[in-house]
Amino acid sequence: MGARVADIGAGTGIATALLHARGAEVTAVEPGAEMAAECRRKVPGVPVVRGDGNALPLANASHDLITYAQSWQWTDTTVSVPEAQRVLRNDGALAIWWNTTAFDVPWIHAQHLRIAHYCETNPKPAARLGDTEAIRLAGLTGLEVARRQMRWSRTVPLDTHLANIGSRSAFLVLGESRRRACLAEEHRLLSTAFPAGIIEETYLVDLLVGRFPSRGR
């Protein structure tokens, strides 16, 4: 209760609202004008400022927690890590998380392989990254980092699922005819697997919480 939190890359305010509901004093930081406007609409009373993780519009040693809900990958960690350290108080923490693919669900793994084929990219390995490698890839080497993975699922209409797939960057670079053909094939396959037209999507949230060991606590 009462922790001062900055939610960076807040988007439409999903994580911002949850942090606010838990009693935190939240500031949302969002670079996009439309997203910032939607965040203000969805989380009234929470200040929303324009900025990004590479140049935080926040004072030195002013926050207890900085969060990045699926937005850390848009930063340059050689800049964003020192920026987080600048803004955090001595006992503060940096929390980053993102949804990852639940490869143990057979239809999700099969779809992942198909999408890699459509987009002519290499599929991600199904094996879970070890903690050391995950921390290194996140740019948090040198921090004291705790890692947790949490499983969750949701049900969505088939068209919503396909729209989300079509919004991925790998799909967006395909030509229009190729993209339509790939999505039509996914619609055919998933309609057979889920005849009611409702898809259960399963995710693993990968959470890393880091503290800067050089700062006294």
Kindly give the heavy-atom pair with the smallest separation between A138 and W98, and that separation in Å. CB-CH2, 4.3 Å
Looking at every non-hydrogen atom in both residues, tell me the closest pair between V49 and P57 and how far apart they are. CG2-CG, 3.8 Å
Exercise: identify the closest heavy-atom pair between Y68 and G53: OH-CA, 3.4 Å
Whether over 12 other heavy atoms sit under 6.0 Å from I14 CD1: no
Distance only, no hydrogens: is a donor on one side chain within 3.5 Å (strictly under) of an acceptor on the other, for E186 and Y118? yes
Counting C-beta onward and ignoring hydrogens, is there a side-chain heavy-atom pair between N54 and S80 closer than 4.5 Å? yes
Applying the 4.5 Å side-chain criterion to the ILVMFWY set and letting contacts propagate, would M150 and V209 be lumped into a single cluster? yes
Within one Ile-Leu-Val-Met-Phe-Trp-Tyr cluster: I108 and L190, side-chain cutoff 4.5 Å: yes
Side chain proximity check, I8 to E83, heavy atoms < 4.5 angstrom: no
Quick one: pull up CD in Q70 and OG1 in T100 and give me the separation to the nearest 0.5 Å. 9.5 Å
Heavy-atom side-chain contact between L129 and D206 under 4.5 Å: no
Distance from H112 atom NE2 to H109 atom NE2, nearest 0.5 Å? 6.5 Å
Would a distance-only check, ignoring hydrogens and angles, find a side-chain to backbone donor-acceptor pair under 3.5 Å from R86 to L56? yes
Any idea which heavy atoms bring G92 and R211 closest together, and the distance? O-NH1, 3.5 Å
What do the steps show when you test L94 against W72 for side chain to side chain contact (heavy atoms under 4.5 Å, CB included), and what is the final call? CA-CA 11 Å; L94 166 67; W72 185 247; 4.0 Å; yes
Min side-chain heavy-atom separation L204-R128 under 4.5 Å: no
Inspect the surroundings of CZ in R154 and state if more than 12 heavy atoms from other residues, nucleotides or ligands are less than 6.0 Å away. yes
Look up atom CG in L208 and atom CD1 in I135, then write down how far apart they are to the nearest 0.5 Å. 6.5 Å
Find the distance between CG (L65) and CG (D91) and round it off to the nearest 0.5 Å. 11.0 Å
Please work out which of the three classes, parallel, tilted or perpendicular, describes the rings of W152 and Y203, given edges at 30° and 60°. parallel
Between S191 and R188 (side chain of the first, backbone of the second, donor and acceptor by atom type, cut-off under 3.5 Å), is there such a pair? no
Rounded distance [0.5 Å steps], OG1 in T12 versus CD in E34: 12.5 Å
Enclosure of E120 CD (heavy-atom neighbours >12, cutoff 6.0 Å): no
F103 side chain reached by K124 side chain, heavy atoms, under 4.5 Å: yes
Taking the side chain as everything from C-beta on, heavy atoms only, tell me whether V43 gets closer than 4.5 Å to V26. no
If you draw a 6.0 Å radius around CG in N60, do more than 12 non-hydrogen atoms from other residues or ligands fall strictly inside? yes
Provide the closest heavy-atom pair for S167 versus L172 in the form atom of the first, atom of the second, distance. O-CD1, 3.4 Å
Testing the basics here: between H161 and Q111, what is the closest heavy-atom pair and its distance to 0.1 Å? NE2-NE2, 3.1 Å
If hydrophobic clusters are built by linking Ile, Leu, Val, Met, Phe, Trp and Tyr wherever their side-chain heavy atoms come under 4.5 Å apart, do L88 and L140 end up in the same one? yes
Common cluster, V156/L158, ILVMFWY with side-chain heavy-atom separation under 4.5 Å: yes
Using modelled atom types only, decide if a donor and an acceptor are shared between the side chain of E30 and the backbone of G11 within a distance under 3.5 Å. yes
Hphob cluster co-occupancy, V81 + I66, side-chain heavy atoms under 4.5 angstrom: yes
Just wondering, are more than 12 heavy atoms of other shown residues or ligands nearer than 6.0 Å to CZ in R50? yes
Step by step, would you call W107 with L189 a side chain to side chain contact (heavy atoms under 4.5 Å, CB included)? CA-CA 10 Å; W107 79 264; L189 292 169; over 6 Å; no
Indicate yes or no: at least one non-hydrogen side-chain atom of W74 is less than 4.5 angstrom from one of D52. no
Does the R4 side chain pair with the main chain of S62, one donor and one acceptor, at a distance under 3.5 Å? yes
Do H187 and D159 have side-chain heavy atoms sitting under 4.5 Å apart? yes
Hey, could you give me the CG/OG1 distance between L19 and T67, rounded to the nearest 0.5 Å? 5.0 Å
